[in-house]
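Following: one structure in structure tokens, then a few remarks.
Note that this is a predicted model, so its numbers are computed, not measured. In what follows, chains carry the letters A, B, and so on, assigned in the order in which the sequence lines appear, proteins first and then strands, with residues in each chain numbered from 1.
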Amino acid sequence: MDLAYDAQYAAFREEVRAFAEAHRHLAPKRTGHRPTSEQIVWQKLLIAHGYAARTIPAAYGGFGAAPDILKSRIIAEVFAEYSLPGGLANQGISMLVPTLLELGTEEQKQAFIAPTLQGEMVWCQGYSEPGAGSDLASLKTRADDDGENFIINGQKIWTSTAHAADMIFCLVRTEPDAPKHQGISYLTFSMKSPGIEVRPLKTMTGGAEFNEVFFTDVKVPKTQIVGARGQGWFVANATLKHERGMLGDPNAALSRLKAIIDLMKTEQLDGHRVMDNPLYLDRLMQLQARVMSMQFNGMRILTSALKGEAPGMAGLIVKLQGCELNHQLAALAIDVMGELGVLYHGSPHERDGGVWQHRYMFDLGLIIGGGTAQIQKNIISERGLDMPREPKLAPVSARA
Amino acid sequence: MDLAYDAQYAAFREEVRAFAEAHRHLAPKRTGHRPTSEQIVWQKLLIAHGYAARTIPAAYGGFGAAPDILKSRIIAEVFAEYSLPGGLANQGISMLVPTLLELGTEEQKQAFIAPTLQGEMVWCQGYSEPGAGSDLASLKTRADDDGENFIINGQKIWTSTAHAADMIFCLVRTEPDAPKHQGISYLTFSMKSPGIEVRPLKTMTGGAEFNEVFFTDVKVPKTQIVGARGQGWFVANATLKHERGMLGDPNAALSRLKAIIDLMKTEQLDGHRVMDNPLYLDRLMQLQARVMSMQFNGMRILTSALKGEAPGMAGLIVKLQGCELNHQLAALAIDVMGELGVLYHGSPHERDGGVWQHRYMFDLGLIIGGGTAQIQKNIISERGLDMPREPKLAPVSARA
Amino acid sequence: MEFALTHDQIQMQESLDRTLERVAPLDRIRAVADQPTPLAPDIAAAVAELGAPAVLVPEAYGGLGLGVLDAALLAEVLGRHAAPVPYIGPVLAGLALSLSGSESQKLAWLPGIASGKTVLGLALSEFASGARMDAGVSASQGMLNGKALFALDAATADAFIVADRAGGLHLVTANATGLTQTALTSIDRTRSIAELTFKDTPSEPVDQGDVANTLIRMRDAGRVLLAADTLGAAQRMIDRAVAYAKERQQFGRVIGSYQAVKHMCAEMAAELEPCRALIWYAGYAQDALPDEASLTAAHAKAHLSEIGRFVARTSTEVFGGIGITDLLGLHYLFKRIGLNRQLLGAPERLRREAAVMQGFIDA
Amino acid sequence: MEFALTHDQIQMQESLDRTLERVAPLDRIRAVADQPTPLAPDIAAAVAELGAPAVLVPEAYGGLGLGVLDAALLAEVLGRHAAPVPYIGPVLAGLALSLSGSESQKLAWLPGIASGKTVLGLALSEFASGARMDAGVSASQGMLNGKALFALDAATADAFIVADRAGGLHLVTANATGLTQTALTSIDRTRSIAELTFKDTPSEPVDQGDVANTLIRMRDAGRVLLAADTLGAAQRMIDRAVAYAKERQQFGRVIGSYQAVKHMCAEMAAELEPCRALIWYAGYAQDALPDEASLTAAHAKAHLSEIGRFVARTSTEVFGGIGITDLLGLHYLFKRIGLNRQLLGAPERLRREAAVMQGFIDA
């Protein structure tokens, strides 16, 4: 147990800090789904210094450094310290690029990785379908082989960024008669292809963070497959692996906790600081203990990663606990504000732009979507505790 | 909605109160598993006045009144008001007697009901087995037919009062080749029969509220069956129906709540009343709302019963909510006492004879045993919400 | 001894339920909620036709002369449908006038409230919930000054009943000089709340009889109505989740056959069902058991706030991703429960008040 | 940057674990717990042999000179086995003497503590938890008067370290005049607590250096050790529940294949696993990060108390009826967690202290 960084890393931290000091004036604002020109400039600057796309080979537009988790963490810490936006973190970068690096053809790598990293090519992900839910492998979007092209028909849902995307990476059923996990292929194609319709999917937050995407006879050249035909399920799982790490970040919880502390120091009820209400204070402290636990648990996972060891249970529980924690933090923030806490939609007296209500609802979506809490519990019990999988059912006719 | 009692019932309440005033000096102390002679005198007095065994026909030693739920409730309320013990409430009275009345032969009724009501014949229940748990119907205790007798071999568990009982009503497998629900018979026999061994089963409370009972070639005349051979499962379910009502009594929660309020007014920490700690007070108020809800829910059930209607969901949730509530009340009592709350086994400074720790542990047993919380949730979802039963499993060979 | 709804009460609920099913289907709710303020004169008229705003108004003034329990039963149905109509404002304002209005005030306002032609808003938040942002209204010589936050049913109000800092009640018309009304937008777009600022605003006192008691009865009745609204919304969320779970298939079986889903539904039902008896009792107590009225109202509102939050979240979880979209409109119920929680006393405050009422601690 | 146990630390835990598996199997625990006081010289000797009581004692006095993290790792294993041995008393008493004892006190007591030949009890409850029944000790002219409740590891103590009301520390031998020791029996029969009454009892001051800081370090270390003890006991309960669920059959399948049981186990694991990192950090902070020591100790103890209670109950539930019997001995773990919760600061108090430490509210 040693929480100090050694000299090499201490020096690296100073280097990143120097960069931050020198370039903070260039930091772009966070915006919508498509990077602005300021964001693209910033992204290219980060890549050039190795603070984004750090381990992607230079041949494909990355910085080309050897993987070093500690350096990645230091970069994240310093950027958080200076409240600077880090490198772009869209689905193209976090999911498609690793997949192409692992399974793409040289041509695909050359065509897609660099523009994606630079924010000039924006991707969306076409996995989920309305009828499939957690049972992703039961997807029905069909890709018929006409010799040269796949002809795609079907519907995707939960496709964030679809309305702003240039391209989609998408799971489609190419072998309708194969067992459900073996008839799927992983395709990439342009969102400008004829036959694609994008409909925004409004959620309870009032925003449209997701879309439905409809395909009607969309033609995709058969060369645009990633991995082997029928192997799309396994290609996608290589990608999903990367996604899990994106959720349950303890730094998000930590910064929310700090914001609530400020809120409780400033908001008043009947002239008393909310902080002086013992019930809210007790909830705050309960959540602080949880935030700390997850933060330290994150350090434990990081250490495992540094040693090349699997984090085991410490890793498996992150999503379940992290999403729940963020949701509980939002609930506390709302409660300490009382009636002010329910104001929304830009109402007068709304606090922090309604962000707490937005989070309370959006986080519920994270608990539910992207591998529900229910599925996380299955994973923890089966992979973490080695408990048996749900036994197979008798045929439908045998059910009482 | 009318919470007043009409004149007839108001008069009845006065009558019961007059009895209570006149006879309170005879009230016996609660003791162990076998009634004392004082308790037997009291029981006979209650039966004579119709305050115990009220609706049991006089021919079998009861009072012989027509069922009147409201009068039963008034009796219970007045006895609670005067802190008087009500009629005996052991398993013989609450489970065997109703079963015999419904399904026993005239000879069985004559032989067993009156002495049971009067506290002179004490029964224990032989249903549960170590290998069966919630899956009661998979019981294995064997009864082989030697022509005149059943020869019983096997083991029962959770048999409270077994060490003090004269008799047992017991489920045994008489038809080993029949489907599991159809090979069971319901027998009554003497606990003095040769071949019975009773071993106390110590629990976490430190007491032995239960026993294990071992049968080795116990001979039981075949006439001592209740209901038809192979129908014991259905006979027992008629009895279990009666048992459910015994648990989750809101009056128990109410009197615990009152006791905690007293405790919080008297116990101090650093010279301050525990009641003045806002966190404990808030928990107290949360539990008070729950106690009230269950109390009013009980009034709703009573009204349904008075109208001869099924209480529906209001009834199905009583055990799950009631046991949990009692457990939470005990937890609060322990917490407000701090270190004093963990004293036990008659320690110096122990409060209320350690009853809160005893309840905290014993109630956990009630949550777990007698139809676990898990099973209660199955019942609520299947019977109350009409959700599907767990589908049947594929044969073992098909499991992954 | 009968702890049950009467035949009339059940019919009244069923009839409002059927009406709302007809006049306030999901697409209508959505259209109303998408407006800047929730104006739905058609729904309000249909609800008024059935006598909802008339429930507490004495018969002599054109009302139904029923009790808070009846009002709560109607609130439950309104919650069940997330009905975008004024209700708590007119009902409590009517109660204020019935209890402490002058005869001429009663004649002037109660028949209109009862028929639904007149809507009264209510500014009671500082008294019932505590003051945020130092809000509060002072009355002097027939004039009001100051600010009241979170006034209920404000958008279509013709007048307001306003509680001042000193425990007085006042009637102010919506077009009175010096009254500025700023709409506040909450998560719940089916009900309107507003900030009222008063600058030398002329008002009439509502000051007959025991005004302190009137204020308490308004507050307590309001708490019961909000609790009942949450009960209705939460019960609907359970009903819809259970129905969905019986239809939706995943991994080759309906999700309602998975134990985890069944147990979530069972836990929701087990938590919510006793709340129904609590609301009934609290509603009944408001008129029949004055000693228990404030305590049961505080507990009903606090407990339903907690159970409502649990049900809102858990039922959404049963639906999976679709539950958080706008498609099924579940969120209108979710948000209704969310707003109710904070109005007229958040649960933490209510529990403290409940302890004070019982003398467990000093105020 | 390495947030992990060292090879030595893992070995130390494993070696204590193996030893306790051998010398403290369930029937031995049961036999000890059935005695009026938990005396198990054989187990205590085996644990001492591995250096447990020596963990914090400086090497110069025959100890291991390790840190609170190491002491917590050992406490975790002791909790895992519900080991009926003195531990917190001698370890914290040793810490008191190491930090604030005179050289002669150190020489007189530390080697004995380290070897396990001497046991020191600890009377710190009033300082750390608050005073019940107006307990408290006053010191004057080398004499103690008053009463200390819930002294830890009292039964076999040769002497006690006692905190007085004024924040002073004292060393009192068990046979000192005017000291009466009354055994208190808790639910947990594997550890001994006692009431000490002093009547003009001669004592030695432990007063070198910054005694106020010593008291705080003792309190904080004690909290970390209790939290670690709960971690060990709770982890064992999960392990045993999971193992049982994989074996036990009901309705034709192992209960561990039912989703409800799997999810109970998953929820326990998800709640407990991050606690491990919290304990590691809090233990490390005691020696390496003084600014964070008190806060992380308070949070570790409070959080483990809550999660421990949840795990104790839920894991028992996985077992069904057999879980509440004495047969499997689960209840020793259950009760250990129950006692830990109340010692050296109940969770509600600890959270309030944590807020005060951060300046969020006044003390």
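- Using a 3.5 Å distance cut-off with no hydrogens or angles, the side chains of Gln288(B) and Gln358(C) do pair a donor with an acceptor.
- When heavy atoms are compared at a cutoff of 4.5 Å, Leu316(B) does not approach chain C at all.
- For the pair Met285(B) and Arg351(C), the tightest heavy-atom approach, listed with the atom from each and the gap, is CG-O, 3.3 Å.
- Here the straight-line distance linking atom CE of Met264(B) with atom CD1 of Ile361(C) works out to 9.5 Å at 0.5 Å rounding.
- Considering every non-hydrogen atom in both Leu278(C) and Ala289(B), the closest pair reads CD2-O, 4.4 Å.
- Annotation: the span from Glu2(C) atom CD to Arg300(B) atom CZ amounts to 13.0 Å, rounded to 0.5 Å.
- Taking CD from Gln286(B) and CD from Glu348(C), the interatomic distance works out to 8.5 Å, rounded to the nearest 0.5 Å.
- Residues Leu3(B) and Tyr284(C) approach most closely at N-OH, 3.2 Å, considering heavy atoms.
- Closest approach of Asn297(B) to Glu273(C), counting heavy atoms only: OD1-O, 4.3 Å.
- In this structure, the side chain of Tyr281(C) does not engage the main chain of Met292(B) through any donor-acceptor pair within 3.5 Å.
- A donor-acceptor contact shorter than 3.5 Å is absent between the side chain of Lys377(B) and the backbone of Gln259(C).
- Phe3(C) contributes atom CZ, which lies 7.0 Å from atom CZ of Phe296(B) (distance to the nearest 0.5 angstrom).
- Pairing each heavy atom of Thr6(C) with each of Met1(B), the nearest pair is CG2-N, 4.0 Å.
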